Q: 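Sharing a structure, written as structure tokens. Questions coming.
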Amino acid sequence: MALSSNNPLLILGGGLMGLALAHSLAKQGRTVEVLSRRRNEAAGFVAAGMLAPHAEGLNGHLLQLGQASLSAISHWVKTIESDSGIQCGLRECGIVVPFKKIEDRNIYPTAYLGEKLNQNELKEEIPGIASHWQAGLLFKKDGQIDNRRRLMRALEKACVELDVGFQEGVEVLEIIQSQNTFKGIYVRTAEGKTKRITAKEAILCSGAWSNQLFHEIPVSPVKGEMFSIQGPKGAVKRIIFGPGIYLVPREDGLIIVGATSERNGGFTEGLTPAGQAQLQEGLVSLLPIARSWPHMERWWGFRPCTPDEAPILGGSSIKGLWLATGHHRNGVLLAAITSQLLTKLICQEPLTKQEKNLLSPFKWNRFKPKK
Ligand SMILES: Cc1cc2nc3c(=O)[nH]c(=O)nc-3n(C[C@H](O)[C@H](O)[C@H](O)COP(=O)(O)OP(=O)(O)OC[C@H]3O[C@@H](n4cnc5c(N)ncnc54)[C@H](O)[C@@H]3O)c2cc1C
């Protein structure tokens, strides 16, 4: 049942999770206000857009959550496309994981879910792949979405069409609570003024910065650098997911080359010579021919990482404060299921047994020392 309320629900952060939740809650009739510090710093504008629960080698509850999201994504994207009029570039293009030794392939965590490729089959899937790659796994159901150029814009437009309120350039400074109940927030406005916003409910969607607002959750930044090259259209059809390097071919021949994983630099911004060199070496070691394809763009961003590299979803120690953060390397994949489950929780719709099972491993307090 759609819930209607004039009391706005605040979304703290206008990145991928913030927009996905604003959209799904607005569709349920909720009045939603997104507070966003800096649009372009969102990892949603950075990510490669792989939908890769199998190629990433996920396991256990996170694999189940990823598979559930992969199943939900087509319907989710259709809704966004219809609300925004923007196509999001969702493609079930398949992902190939190459290996230098057959033994490495056989012990890959998700090997049992993939199609095993010998070297000839690998070369058929990836024409031009370097000859030191001896074997592969093909995950046909994994795919991609064009998050940077399409999905994020489509979500923004869909939200605007549904009358979601946006406060851009606004920094949330502090969460206000009394007796473990959410009361509102202090913000710094785009004009530099501090003001209080009173509300009964909010969702913390502040990505890698989430711990700055809610200290009880261990979310920290893992920086990723990327670049893109322009290949001939159709030269690479499948995503190639090598160790420490991946190539994501868009339909128009643009190839996203990613990504570094820098854990100790905090929020240090900018590209590094070492990071860019690592990507270039990785590119040539996978696909030597791509050495001569022109470079287009270089960029970086921060993944929101938790100690077990899985998201934090659901309620918190503060009544009225919901959490949707910590999605680390799989936020694009997990956005569909995150918005579906959190929207049901917040709108007090009954969850199915399967949905409860999907959610329960990702509670915020799993990191607290057991007494
Ligand atoms: C290099 C790289 C490659 C990736 N590739 C993939 C991929 O291929 N597939 C995949 O599934 N995932 C990928 N990811 C992960 C994915 O991008 C993230 O998990 C996802 O974007 C997280 O979404 P989020 O909304 O939590 O955070 P973000 O998208 O980062 O949004 C957080 C927002 O909160 C705002 N904010 C923070 N603090 C405040 C504050 N105090 N006040 C107001 N606003 C605030 C920020 O400005 C930002 O806009 C990648 C990430 C990176 C960095």
Side-chain angles (χ1 to χ4, degrees), residues 10-22 34-53 55-56 58 62 65-66 69-70 73 95 142-148 151-152 155-156 166-175 185-190 197 202-214 217 219 221-227 239 241 246-248 256-262 267 271 275 279 298-306 309-313 323-339:
L10 305 180
I11 306 241
L12 315 183
L16 180 54
M17 296 307 148
L19 293 173
L21 276 155
V34 177
L35 298 124
S36 174
R37 179 174 58 198
R38 187 145 59 97
R39 182 179 181 270
N40 290 349
E41 75 185 346
F45 280 111
V46 172
M50 283 182 295
L51 308 169
E56 284 266 357
L58 304 184
L62 189 54
L65 193 71
S69 206
L70 196 63
I73 205 156
I95 303 188
D142 286 0
Q144 61 166 298
I145 191 162
D146 196 344
N147 54 298
R148 293 195 81 216
L151 173 67
M152 291 294 280
L155 273 168
E156 284 172 338
F166 278 92
Q167 296 193 32
E168 291 286 345
V170 169
E171 179 167 31
V172 182
L173 299 175
E174 195 184 326
I175 287 166
I185 50 175
Y186 286 113
V187 298
R188 185 168 27 238
T189 64
I197 301 177
I203 317 176
L204 184 71
C205 297
S206 310
W209 299 267
S210 297
N211 163 274
Q212 295 172 354
L213 291 174
F214 186 55
I217 49 169
V219 178
V222 175
K223 182 171 154 183
E225 299 181 37
M226 325 256 280
F227 64 68
I239 294 171
F241 189 90
Y246 52 73
L247 271 55
V248 183
I256 313 296
V257 181
T260 63
S261 193
E262 303 164 37
F267 287 103
L271 301 166
L279 295 179
R298 296 176 191 272
W299 68 96
W300 76 90
F302 300 104
R303 304 176 186 91
C305 189
T306 63
E309 304 192 352
I312 299 174
L313 305 173
L323 307 172
T325 184
H327 293 78
H328 189 41
R329 329 173 29 97
N330 291 296
V332 181
L333 167 68
L334 297 174
I337 196 76
T338 298
S339 57

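What you see is a predicted model, and the numbers here were worked out from it, not measured in a lab. Side-chain atoms are counted along with the backbone in the values below, which use heavy atoms only and exclude waters and symmetry mates. Start at 1 and go down the list; that is how both ligands and their atoms are numbered.
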Q: If you measure every N or O of Arg303 against every N or O of ligand 1, does any of those distances drop under 3.5 Å?
A: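 In fact, backbone or side chain, Arg303 has no N or O that close.
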
Q: Out of Ala335, Gly15, Gly66, who is nearest to atom 33 (C) of ligand 1 when you count heavy atoms only?
A: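 Ranked by closest heavy atom to atom 33 (C) of ligand 1, first place is Gly15.
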
Q: With backbone taken as N, CA, C and O and side chain as the heavy atoms from C-beta onward, which portion of Val222 lies under 4.0 Å from ligand 1: side chain, backbone, both, or neither?
A: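 Neither; no heavy atom under 4.0 Å.
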
Q: Can you pull out the closest protein heavy atom to atom 5 (N) of ligand 1? Residue, atom name and distance to 0.1 Å, please.
A: Ala48 N, 3.2 Å

Q: Counting heavy atoms only, which part of Cys205 comes closer than 4.0 Å to ligand 1: side chain, backbone, both or neither?
A: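 Within the 4.0 Å criterion, Cys205 contacts ligand 1 through backbone atoms alone.
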
Q: With a heavy-atom distance limit of 4.0 Å, tell me whether Trp299 approaches ligand 1 through its side chain, its backbone, both, or neither.
A: neither

Q: Using a strict cut-off of less than 4.0 Å between a Lys/Arg side-chain nitrogen and an Asp/Glu carboxylate oxygen, indicate whether Glu309 and Arg329 qualify as a salt bridge.
A: no

Q: Is it the side chain, the backbone, both or neither of Gln212 that has a heavy atom closer than 4.0 Å to ligand 1?
A: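 For Gln212, no heavy atom sits under 4.0 Å from ligand 1.
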
Q: Kindly identify the option in Cys305, Pro304, Gly207 whose heavy atom sits closest to atom 22 (C) of ligand 1.
A: Pro304

Q: Would Arg148 pass as a cation-pi partner of Phe45, given that its NZ or CZ must be under 6.0 Å from the six-membered ring centre and within 45 degrees of the axis?
A: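 Here Arg148 fails the 6.0 Å and 45° test against Phe45.
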
Q: Nearest protein heavy atom to atom 35 (C) of ligand 1, by residue and atom, and its distance?
A: Gly13 CA, 3.8 Å

Q: How are the rings of Trp209 and Phe302 set to each other: parallel, tilted or perpendicular (split at 30° and 60°)?
A: perpendicular

Q: Which residue supplies the protein heavy atom nearest to atom 12 (N) of ligand 1, what is that atom called, and how far is it?
A: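 Ranking protein heavy atoms by distance from atom 12 (N) of ligand 1, first comes Arg329 O, 2.8 Å.
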
Q: Hey, is Leu333 touching ligand 1 through its side chain, its backbone, both or neither, going by heavy atoms under 4.0 Å?
A: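 Near ligand 1, Leu333 shows its backbone as well as its side chain.
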
Q: May I ask you to decide whether Arg39 forms a salt bridge with Glu156, counting only side-chain N to carboxylate O separations under 4.0 Å?
A: yes

Q: Does an N or O anywhere in Ala208 fall below 3.5 Å from an N or O of ligand 1?
A: no

Q: If you measure every N/O of Glu41 against every N/O of ligand 1, is any gap under 3.5 Å?
A: yes

Q: Would you say Thr325 touches ligand 1, if touching means a heavy atom closer than 4.0 Å?
A: no

Q: Report yes if Ala324 has an N/O atom closer than 3.5 Å to an N/O atom of ligand 1; otherwise report no.
A: no

Q: Does any N or O of ligand 1 fall below 3.5 Å from an N or O anywhere on Leu334, backbone included?
A: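 No, no N or O pair falls under 3.5 Å.
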
Q: Has ligand 1 got any nitrogen or oxygen that is less than 3.5 angstrom from a nitrogen or oxygen of Gly224?
A: no

Q: Please state whether Val187 comes within less than 4.0 angstrom of ligand 1, counting heavy atoms only.
A: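 False for this residue.
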
